[in-house]
Amino acid sequence: MPIAPSAKPSRRDFLQFAGSAAAFVALAAGPFAALAQTPGAAPIKIATIGAGREGGALGTLFAKAGHPVMFSSRHPEQLKDLVAGVGALAKAGTVAEAVAFGDVVLLVVPYGAVAEIGKEHGKALAAKALILDVSNPIARIAGDDQSALALASRLIKEIGFEPVVVGGLAMGKYLVPGTPLAPVHTPEEIRQIVATLK
Ligand SMILES: NC(=O)c1ccc[n+]([C@@H]2O[C@H](COP(=O)([O-])OP(=O)(O)OC[C@H]3O[C@@H](n4cnc5c(N)ncnc54)[C@H](OP(=O)(O)O)[C@@H]3O)[C@@H](O)[C@H]2O)c1
């Protein structure tokens, strides 16, 4: 999984979904089930931890889809141009400010930084509706929490991708490089491969 076990908040469930060949992780979404509505429902406050190529692009897409977005990094003062380019729905802050801001948090940092972020902010992150982890180039969804999957699916659709749920977390073993679901496939190919897996 993209987050080291020591960094896991206790209530989290994991999922992974398609989007620019990215892998994501979700937290339990019990109190936030209402957020998992169809595309076009009420905006959701989204924070990015990391605002480089991937975080900048995804945050921009979510802002274009109508969601308020706070970009963050260790150097938020360097994000002024990004924020100005995205427009009124965007702002920048520290990682702590972003964690406080977002109902959904995108982790888009180098893989090695994830454990440190989990250690410092794991407790606050555990209270979030959803954590989407892009720190691993995997293009499917897997998760055990249906509300979290629904929320992730809504957000993915809103930025123009087709989510493909491949099953529960046990399917995660087929998402790592070298296993059947790791390469790029069409949604239909993914469904056909999943039907052959246990
Ligand atoms: N680029 C892609 O196409 C792509 C696709 C799929 C997945 N990914 C994955 O997505 C992740 C990000 O990739 P990227 O290409 O966007 O990297 P990037 O352009 O280098 O951006 C990384 C961002 O993370 C921030 N950051 C680094 N360490 C941090 C920390 N400890 N706390 C908070 N922020 C931190 C950096 O800002 P500061 O240094 O200023 O803090 C920067 O904003 C990687 O794990 C990568 O494998 C990337």
Side-chain angles (χ1 to χ4, degrees), residues 2-3 7-9 11-17 19-20 22-37 41-111 113-136 143 145 147-148 150-159 161:
I3 292 182
K8 289 181 182 177
R11 288 200 312 115
R12 80 175 42 166
D13 287 330
F14 292 89
L15 61 85
Q16 295 170 318
F17 72 83
S20 64
F24 298 82
V25 177
L27 293 185
F32 299 95
L35 295 177
Q37 302 298 316
I44 297 171
K45 287 189 288 184
I46 294 179
T48 79
I49 302 179
R53 287 161 294 191
E54 203 56 14
L58 286 170
T60 299
L61 288 173
F62 284 120
K64 283 182 177 173
H67 301 287
V69 174
M70 180 182 282
F71 296 97
S72 77
S73 73
R74 295 167 299 181
H75 308 96
E77 71 282 0
Q78 296 175 1
L79 304 178
K80 287 177 184 167
D81 288 349
L82 173 64
V83 167
V86 174
L89 283 175
K91 54 186 172 182
T94 64
V95 174
E97 287 169 340
V99 170
F101 173 83
D103 289 327
V104 168
V105 178
L106 275 64
L107 268 181
V108 267
V109 295
Y111 181 76
V114 174
E116 170 196 329
I117 289 166
K119 192 173 177 183
E120 189 165 348
H121 301 286
K123 191 172 177 183
L125 291 173
K128 299 299 176 183
L130 180 68
I131 303 297
L132 307 177
D133 187 346
V134 194
S135 303
N136 197 337
D145 186 291
S147 294
L151 177 54
S153 294
R154 170 194 160 179
L155 290 169
I156 295 164
K157 287 177 189 168
E158 287 185 359
I159 62 172
F161 295 94

Main-chain N/O of T48 paired with S72 side-chain donor or acceptor, under 3.5 Å
yes
Pairs where residues 62-71 contributes a residue and the test side-chain hydrogen bond (donor to acceptor under 3.5 Å, both in side chains) is met, not counting sequence neighbours:
H67-E158
Any side-chain heavy atom of [X] sitting closer than 4.5 Å to one from [Y]?
X	Y	answer
L130	L155	yes
L106	F62	yes
F71	V69	yes
V114	V109	yes

With sequence neighbours excluded, tell me which residues meet side-chain contact (heavy atoms from CB on, under 4.5 Å) with K45.
P68, F101, D103
Set of side-chain contact (heavy atoms from CB on, under 4.5 Å) partners for E120, sequence neighbours left out
none
Inter-residue atom distance [X].[atom1] - [Y].[atom2], 0.5 Å rounding:
X	Y	atom1	atom2	value
L132	I46	CG	CD1	7.5 Å
L107	I49	CG	CD1	5.0 Å
R53	L58	CZ	CG	13.0 Å

Worked check of side-chain contact (heavy atoms from CB on, under 4.5 Å) between R154 and I44
CA-CA 11 Å; R154 170 194 160 179; I44 297 171; 3.4 Å; yes
Could you report the tightest heavy-atom contact between G50 and V108, atom names first, then the distance?
O-CG2, 3.2 Å
For residues 78-98, dump all side-chain donor-acceptor pairs below 3.5 Å to protein atoms at least two apart in sequence or in another chain.
{"unit_1": "T94", "atom_1": "OG1", "unit_2": "E97", "atom_2": "N", "d": "3.1"}
{"unit_1": "T94", "atom_1": "OG1", "unit_2": "E97", "atom_2": "OE1", "d": "3.4"}
{"unit_1": "E97", "atom_1": "OE1", "unit_2": "T94", "atom_2": "N", "d": "2.8"}

